[in-house]
Amino acid sequence: MDPVRNPYAPGAGQRPPELAGRDRELQQFEVVLERVARGRPERSMIITGLRGVGKTVLLNAFRSMAIQRLWGTGKIEARPDQSIRRPVASALHMAVRELAPRHRAPDRIERFLGVLKAFAQAGEEPSGRARARAHRWQPGIDVPAVRGRADSGDLEIDLTELFVDAASVATDVGVGIALFVDEMQDVPGDDVSALCAACHELSQIGGPLIVVGAGLPHLPAVLSASKSYSERLFRYSRIDRLDRESADIALLAPAEREDVTFTPDALDALYLAADGYPYFVQAYAKVAWDVAPDSPITAEDVRVAAPEAESELAVGFFGSRYERATPAERDYMRAMAMLGDEGDSPVATSAVAEELGRKPSSLSPARDGLIKKGLIYSAERGLVAFTVPHFGQFLRAQPA
């Protein structure tokens, strides 16, 4: 088989050749776009799921849908301990630049950019020094900052005012603005509260600006902890592994465009190996294609490919994450793996402490460090689980 023609694409956020099994979410977002376009009230949208299920891919697909409707769009990737003020400013700058050529009043655009510049400069420097040094950072907006709007230094007030002004610009053009936030669970607590407050204000005034977030399964709990009304503020959608039919489509559709197919036994073997997780589907299929002598790809080809695919996953998907953990954090994860079942279901923190022969309170730094690094999440109070599917199986296979 020609490796150059190999259609499969296992990569971080890389769109697969066939976006299978996500029709429901795409239709939901289509409804959101249509309702906002018609001036109907609509909630912003949150996608959650484990790593490797395609959250970033879906977020990018949503953005493409918004762009096709001539919306202004911007995207940020949240990072722990980093304020969203400047990333949001950059994203909205991009969104409004997309709308500016169609706006009939250049002075309205210029004023908004002045407000945006003031908003961006109102926060503290990353070093923690006060606002006195903030003017040294330039957001690349070639207009004077407008003082007295979205520049109080209080992110909740400023973000609300900025979103209202951005929505007003979009209303002038007759479209909307969509802000996409990846890794949303990493937004600092105070910033999450500010983001929810701004979205709440928009929902009350019917402004055509929506926030579309993607994050780990505990993201709804993070939002709820910041604002009690967040449960009613967002439309939540959890995505998981693909069912058998969708996994087969993800494999067959791109192959058949290259005049290649799989035997039924090969599809059985691939689904068993990948367990329906989209990233794994792409990873196993890519290697199976490369080792197969010709079409159709057989179960024997999959058997030959499996060790290489598993080796690549062990290094790139699992190993790279494991290496980021400290020795104490690795011990914590190994204990979780030993207590978990084949599905890596949540385990009790008290059971992890008992497995390690330690007091639960002494393990808090390791647990909190793993949560901050995005390796585990708190499914509910007293329970933790891996953010990466099959991570427990990977750890159980490692030498002690």
Side-chain angles (χ1 to χ4, degrees), residues 12-13 25 43-60 62-63 74-88 91 155-156 159 178-200 210-240 277-279 317 320-321 324-325 329 332-333 336 344-347 349 364-389 391:
E25 291 76 20
R43 292 173 291 173
S44 292
M45 193 166 178
I46 299 293
I47 311 161
T48 63
L50 296 175
R51 301 207 181 277
V53 297
K55 299 185 298 298
T56 301
V57 168
L58 196 53
L59 207 63
N60 291 337
F62 288 168
R63 187 179 184 185
K75 182 182 174 186
I76 70 172
E77 181 176 319
R79 297 178 183 175
D81 301 325
Q82 181 192 53
S83 173
I84 62 169
R85 182 181 286 269
R86 291 181 182 172
V88 164
L155 185 62
E156 185 166 316
L159 196 61
L179 175 64
F180 298 90
V181 185
D182 206 359
E183 301 292 350
M184 195 172 180
Q185 76 283 339
D186 288 338
V187 176
D190 289 345
D191 292 21
V192 169
S193 181
L195 194 59
C196 288
C199 290
H200 192 208
I210 59 172
V211 174
V212 185
L216 293 172
H218 66 294
L219 176 55
V222 170
L223 295 171
S224 181
S226 68
K227 295 290 186 184
S228 59
Y229 54 70
S230 68
E231 297 167 358
R232 292 160 285 147
L233 192 61
F234 298 101
R235 178 196 293 258
Y236 292 95
S237 179
R238 178 160 184 173
I239 61 174
D240 204 342
Y277 286 105
Y279 186 88
F317 193 72
S320 60
R321 290 178 165 86
R324 291 169 52 205
E329 290 166 354
Y332 195 98
M333 289 193 293
M336 285 178 59
D344 294 330
S345 57
V347 298
T349 53
S364 294
R367 182 197 64 219
D368 294 346
L370 289 168
I371 290 174
K372 190 172 182 180
K373 291 174 180 175
L375 295 171
I376 68 172
Y377 69 98
S378 181
E380 57 183 87
R381 188 172 181 82
L383 294 177
V384 287
F386 291 113
T387 63
V388 178
F391 201 53

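FYI, side chains are in, hydrogens and waters are out, and symmetry mates aren't considered; it's all heavy atoms of this structure. Starting from 1, each residue takes its place in the sequence as its number.
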d(Thr48 OG1, Phe234 CZ) to nearest 0.5 Å is 12.5 Å
Interatomic distance, OG@Ser378 vs NE2@His218, rounded to 0.5 Å, equals 8.0 Å
Flag, side chain of Thr387 to backbone of Gly374, donor-acceptor distance under 3.5 Å: yes
Chi angles and distances behind the side chain to side chain contact (heavy atoms under 4.5 Å, CB included) call for Leu223, Val192: CA-CA 7 Å; Leu223 295 171; Val192 169; 3.7 Å; yes
**Item:** Test item: Leu370 and Tyr377 side chains (from C-beta on) under 4.5 Å apart, heavy atoms
**Value:** no
Original post:
Is Met45 close to Phe62 at the side-chain level, that is, under 4.5 Å between some pair of heavy atoms?
Top reply: yes
One should read off an interatomic distance between Met336 CE and Leu375 CG, to the nearest 0.5 angstrom, of 9.5 Å
Scanning both residues in full, the closest heavy-atom pair of Pro389 with Arg51 reads CD-O, 3.0 Å
When every non-hydrogen atom of Ala78 is compared with those of Met184, the smallest separation belongs to CB-CA, 4.5 Å
- Trace of the side chain to side chain contact (heavy atoms under 4.5 Å, CB included) decision for Lys75 with Arg63: CA-CA 9 Å; Lys75 182 182 174 186; Arg63 187 179 184 185; 3.5 Å; yes
d(Leu195 CG, Lys227 NZ) to nearest 0.5 Å is 11.0 Å
Between Phe386 and Met333, is there a side-chain heavy-atom distance shorter than 4.5 Å?
yes
Heavy-atom closest pair (Val384 atom, Tyr332 atom, distance to 0.1 Å) is CG2-OH, 4.2 Å
Does the ring center of Tyr279 lie less than 6.0 Å from the ring center of Phe317? yes
Stepwise side chain to side chain contact (heavy atoms under 4.5 Å, CB included) check, Leu216 with Leu50: CA-CA 6 Å; Leu216 293 172; Leu50 296 175; 5.8 Å; no
**Q.** Step-by-step side chain to side chain contact (heavy atoms under 4.5 Å, CB included) determination, Lys55 to Val53
**A.** CA-CA 6 Å; Lys55 299 185 298 298; Val53 297; 3.9 Å; yes
**Asked** Just wondering, are more than 12 heavy atoms of other shown residues or ligands nearer than 6.0 Å to CG in Asp190?
**Response** no
When rounded to the nearest 0.5 Å, the distance separating CG of Asp191 from CG of Leu155 is 5.0 Å
Distance col, row Leu383:CG vs Glu380:CD, nearest 0.5 angstrom, shows 4.5 Å
Within a strict 4.5 Å, meaning less than it, do heavy atoms of the Leu179 and Val88 side chains meet? yes
Taking every heavy atom of Ala214 against every heavy atom of Leu219, the minimum-distance pair comes out as C-CD2, 4.1 Å
* Asked: In terms of side-chain geometry, is the basic nitrogen of Glu329 or Lys372 positioned less than 4.0 Å from the acidic oxygen of its partner?
  -> no
Item to check | Sub-4.5 Å side-chain heavy-atom contact between Leu233 and Cys196 | outcome: yes
Practice problem: For Arg324 and Lys373, indicate whether the former's side chain and the latter's backbone hold a donor-acceptor pair under 3.5 Å. | Solution: yes
Exercise for review: Report yes if some heavy atom in the side chain of Glu156 is under 4.5 Å from a heavy atom in the side chain of Ser193; otherwise report no.
Suggested key: yes
Nearest heavy-atom contact between Cys199 and Ser44 is SG-OG, 4.3 Å
For Arg43 and Arg235 the tightest heavy-atom approach is CB-N, 3.9 Å
